[in-house]
2 protein chains.
Amino acid sequence: MEDHDFEHLLRSADLRVTRPRLAVLRAVRRQPHADTGSVLAAVRTEEPTVSHQAVYDVLGALTDSGLVRRIQPAGSVARYELRVGDNHHHAVCRSCGVVADVDCAVGVRPCLDASDTHGFVIDEAEVTYWGLCPACSTRAVTT
Amino acid sequence: MEDHDFEHLLRSADLRVTRPRLAVLRAVRRQPHADTGSVLAAVRTEEPTVSHQAVYDVLGALTDSGLVRRIQPAGSVARYELRVGDNHHHAVCRSCGVVADVDCAVGVRPCLDASDTHGFVIDEAEVTYWGLCPACSTRAVTT
DNA sequence: AGGAAAAACTTGACTGGTTCAAGTAAAGGG
DNA sequence: CCCTTTACTTGAACCAGTCAAGTTTTTCCT
């Protein structure tokens, strides 16, 4: 994803192209799974005057348009990533909270065949793998 | 689950048997997927003097011991349920937030075979089905 | 039963991510 | 280049959840 593709991306979503939005997109590309605070800090390295509210607004708009994906594992604040529409899932470390991408082995739409959804109209199956990241699992064994 | 089974349940988890804990267990049994506020309200119908901190502590202790399960879909506060250890999942309504239980059709440990977990030691795969509940999907079509 | 130690609960203050509201600035179509 | 719409800034507020200190209750042991 080239820098100037972000502009097309925004236009194709009927969103105006602004410096804060481009900076947020670059920040999320730079640090996948970053939370809002990290995005804000990253944005301010290139655009020091951007407000925290702007970052919330931008991330909301980008999420609504499907340009970024918001994930929020239990006990975590909201995190964002650019990778979108490829049906991948996440592994979350119970100890340090770090998130990693996981491609589900089951297929394109894993587990979407729930036995009985009680009349719900399901459009997405989100899988979260819980466990320990390499660093934390090593530490647990050693200690 | 009989009322007086809760006492054995607590003892078997090395937790002391107290009125607040029994009241919380009854509340969660009465309203599956209730959030902390609802549990507090329900508890106070039978134990009016229980503090909100006690409910947080109790729910935390019960969750740590595996007697209740905490779920927290993105954008929702923490919710609790008694059904535990049977590997079921949840359908969440994008519109009203209501939660329903779903037994996964894939098997006992669905989707636990992630292709590449980047060295994570995974102990649980949590599946969240997103969509519209019967009431909200009907309303969406009608409107 | 009685008394001590440990665990649980009450009270009240506080935190921090997120949202609300009003006013200002910038984008992009005409 | 101007006007309308959308986006951003500023600053306050919200609220689920947590922290800390002190009191009460449970349970174990004699």
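Within every chain, numbering begins at 1; the chains are lettered A, B, ... in the order of the sequence lines, protein sequences first and strands thereafter.
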[X] [atom1] to [N] [atom2], straight-line distance once rounded to whole Å:
{"X": "His52(B)", "N": "dA16(D)", "atom1": "NE2", "atom2": "C1'", "answer": "10 Å"}
{"X": "Tyr56(B)", "N": "dC14(C)", "atom1": "OH", "atom2": "C1'", "answer": "14 Å"}
{"X": "Arg70(A)", "N": "dT18(C)", "atom1": "CZ", "atom2": "P", "answer": "8 Å"}
{"X": "Asp14(B)", "N": "dA6(C)", "atom1": "CG", "atom2": "P", "answer": "15 Å"}
{"X": "Arg21(B)", "N": "dT25(D)", "atom1": "CZ", "atom2": "P", "answer": "15 Å"}
{"X": "Arg19(A)", "N": "dG28(C)", "atom1": "CZ", "atom2": "P", "answer": "13 Å"}
{"X": "Leu22(B)", "N": "dA8(C)", "atom1": "CG", "atom2": "C1'", "answer": "13 Å"}
{"X": "Gln53(A)", "N": "dC20(C)", "atom1": "CD", "atom2": "P", "answer": "9 Å"}

Does a nitrogen or oxygen in the side chain of [X] sit under 4.0 Å from OP1 or OP2 of [N]?
{"X": "Arg16(A)", "N": "dA26(C)", "result": "no"}
{"X": "Thr18(A)", "N": "dT6(D)", "result": "no"}
{"X": "Arg11(A)", "N": "dG28(C)", "result": "yes"}

Worksheet item: Within the distance-only criterion (no hydrogens, no angle test), does the side chain of Arg44(B) pair as donor or acceptor with the backbone N or O of Val50(B) below 3.5 angstrom?
Response: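 Yes: the side chain of Arg44(B) pairs with the backbone of Val50(B).
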
Item to complete: Using modelled atom types only, decide if a donor and an acceptor are shared between the side chain of Ser137(A) and the backbone of Pro134(A) within a distance under 3.5 Å.
Response: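 Between the backbone of Pro134(A) and the side chain of Ser137(A) there is a qualifying donor-acceptor contact (under 3.5 Å).
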
Worksheet item: Looking across every strand, which nucleic acid part, if any, lies under 4.0 Å from Ala61(B) by heavy atom: base, sugar-phosphate, or nothing?
Response: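 Ala61(B): no heavy atom of the nucleic acid under 4.0 Å.
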
Worksheet item: Is a salt bridge present between Arg21(B) and Glu47(B), judged by a nitrogen-to-oxygen distance below 4.0 Å?
Response: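 Answer for the salt bridge query: no.
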
Discussion item. Do His89(A) and Asp101(A) pair up side chain to side chain, a donor and an acceptor below 3.5 Å, judged on atom types alone?
Written reply: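 No pair is found: no donor N or O on one side chain lies under 3.5 Å from an acceptor on the other.
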
